[in-house]
A.B. asks: 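Input: one structure, supplied below.
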Amino acid sequence: MTRVFLDACVLYPPLVRGVILGAAEAGLFQPFWSPRVLDEWRLAMARNGGDVARVEAVIERMGESFPDACVAPDPEVEAGIGLPDPADAHVLAGAVAARAEILLTFNLRDFPARRLAAHGVAARHPDGFLWELLSHAPEAMDAAIRRACAAAGAEAPGDIRRALKRAKLPRLGKAWEAAKGGSDGRDGG
């Protein structure tokens, strides 16, 4: 099973996190994160005036669902990683500690392919990664997408596609609508 390390930026947006974790719960990949990634998520939520107690509850559920997912990076590995932003070294070090093949992030520019390849890791954008999962496991992904979107208040096919587009998952939304969503008579956006 593919091992995927999740950057804080893909955990922060509830809809994106819901689809990602729904796919993992369906057994489509094995997720990993580190304590520092969770701390970054908490800090971003607090900085933006979000509900940190809700984040703590979600983190607890994530730990229950994936008890082996939280990994501690080796400080020596982290110290030896050179990235455009040195503050991101802990993310790649977490992926290395998890023996992940994929680092899932919206911030692809922060993780140059050549630098990651030296560690056996490839950075992927959630849109392409989730689109690929949809193409291989349409029923499981349909369920994960519908569940995450319903939690965000989007249940009609056009609303789901628009919600995915707003969440920076436009390819996934378009492919989902074509495969499972059908049309509700409104422009899918």
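On a predicted model such as this, the values are computed, not experimentally measured, just so you know.
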A.B. asks: Drop me the distance from L11's CG to I59's CD1, to the nearest 0.5 angstrom.
C.D. replies: 8.0 Å
A.B. asks: Determine whether L21 and R61 make a side-chain contact, defined as any pair of heavy atoms from C-beta on separated by less than 4.5 Å.
C.D. replies: no
A.B. asks: Once rounded to the nearest 0.5 Å, what's the spacing between atom NZ of K174 and atom CH2 of W131?
C.D. replies: 11.5 Å
A.B. asks: Under the criterion side-chain contact (heavy atoms from CB on, under 4.5 Å), I'd like the reasoning laid out for H136 against M141: C-alpha separation, chi angles, the key distance, then a yes or no.
C.D. replies: CA-CA 9 Å; H136 294 296; M141 284 301 294; over 6 Å; no
A.B. asks: Under the rule for ring pair (Phe, Tyr, Trp, His ring centres under 6.0 Å), what residues qualify as partners of F111, not counting sequence neighbours?
C.D. replies: none
A.B. asks: Using side-chain heavy atoms (C-beta onward) and a distance below 4.5 Å, is P84 in contact with R115?
C.D. replies: yes
A.B. asks: In terms of hydrophobic clustering (I, L, V, M, F, W, Y; side-chain heavy atoms under 4.5 Å; direct or indirect links), are V52 and W33 co-clustered?
C.D. replies: yes
A.B. asks: State, to 0.1 Å, how close P157 and W176 come at their nearest heavy-atom pair, and which atoms those are.
C.D. replies: O-CZ3, 3.6 Å
A.B. asks: Heavy atoms, side chains only, cut-off 4.5 Å: are L83 and D110 in contact?
C.D. replies: no
A.B. asks: To the nearest 0.5 Å, what is the distance between SG on C149 and CG on L15?
C.D. replies: 4.5 Å
A.B. asks: Is any side-chain heavy atom of H90 closer than 4.5 Å to one of E40?
C.D. replies: yes
A.B. asks: Once salt bridge (charged side-chain N to carboxylate O under 4.0 Å, His left out) is applied, do any residues pair with D39, and if so which ones, sequence neighbours excluded?
C.D. replies: R42
A.B. asks: Looking at A97, is its backbone amide N or carbonyl O close enough to the side chain of D74 to form a donor-acceptor pair, meaning the two atoms are under 3.5 Å apart?
C.D. replies: no
A.B. asks: Any heavy-atom pair between the side chains of L38 and V55 that's under 4.5 Å?
C.D. replies: no
A.B. asks: To check you understand the geometry: which heavy-atom pair defines the closest contact between P126 and V10, and what is its length?
C.D. replies: CG-CG1, 3.4 Å
A.B. asks: Between atom CD1 of I102 and atom CG of L6, what is the distance when rounded to the nearest 0.5 Å?
C.D. replies: 10.5 Å
A.B. asks: Rounded to the nearest 0.5 Å, how far apart are CZ of R171 and CG of L134?
C.D. replies: 11.0 Å
A.B. asks: Backbone N or O of R54 within a donor-acceptor pair of the D51 side chain at under 3.5 Å?
C.D. replies: yes
A.B. asks: Closest approach of N107 and T105, non-hydrogen atoms and distance?
C.D. replies: N-OG1, 3.0 Å
A.B. asks: Could you check E132 against R124 for salt bridge (Lys or Arg N to Asp or Glu O under 4.0 Å), going step by step and ending with a plain yes or no?
C.D. replies: CA-CA 11 Å; E132 204 171 276; R124 295 285 309 274; 3.4 Å; yes
A.B. asks: Sequence neighbours excluded, which residues qualify as salt bridge (charged side-chain N to carboxylate O under 4.0 Å, His left out) partners of R36?
C.D. replies: E78
A.B. asks: Does any non-hydrogen side-chain atom of F5 lie less than 4.5 Å from one of V96?
C.D. replies: no
A.B. asks: Before giving the answer on side-chain contact (heavy atoms from CB on, under 4.5 Å), spell out for R17 and W41 the whole-Å C-alpha distance, their side-chain angles and the decisive distance to 0.1 Å.
C.D. replies: CA-CA 11 Å; R17 180 181 63 248; W41 175 19; 3.1 Å; yes
A.B. asks: Applying ring pair (Phe, Tyr, Trp, His ring centres under 6.0 Å), name anything that partners F106, two or more places apart in sequence or on another chain.
C.D. replies: H125
A.B. asks: List the atom of F66, the atom of A24, and the distance in Å for their closest heavy-atom pair.
C.D. replies: CZ-CB, 3.6 Å
A.B. asks: Would D7 and L104 satisfy side-chain contact (heavy atoms from CB on, under 4.5 Å), going step by step from the backbone distance to the final call?
C.D. replies: CA-CA 6 Å; D7 194 358; L104 201 60; over 6 Å; no
A.B. asks: With sequence neighbours excluded, what pairs up with E25 under the salt bridge (charged side-chain N to carboxylate O under 4.0 Å, His left out) test?
C.D. replies: none
A.B. asks: For the CD atom of E177 and the CG atom of L164, what is their distance to the nearest 0.5 Å?
C.D. replies: 10.0 Å
A.B. asks: Using the ring pair (Phe, Tyr, Trp, His ring centres under 6.0 Å) criterion, which residues pair with F129? Sequence neighbours excluded.
C.D. replies: F29
A.B. asks: Quick one: do I20 and V4 satisfy side-chain contact (heavy atoms from CB on, under 4.5 Å)? Show the steps, please.
C.D. replies: CA-CA 10 Å; I20 289 169; V4 179; over 6 Å; no
A.B. asks: What are the two closest heavy atoms between L28 and A140, and how far apart are they?
C.D. replies: CD1-CB, 4.1 Å
A.B. asks: So, E101 and R3, do they make that salt bridge, N to O below 4.0 Å?
C.D. replies: no
A.B. asks: Looking at every non-hydrogen atom in both residues, tell me the closest pair between S34 and C70 and how far apart they are.
C.D. replies: C-SG, 3.9 Å
A.B. asks: Looking at A44, is its backbone amide N or carbonyl O close enough to the side chain of N48 to form a donor-acceptor pair, meaning the two atoms are under 3.5 Å apart?
C.D. replies: yes
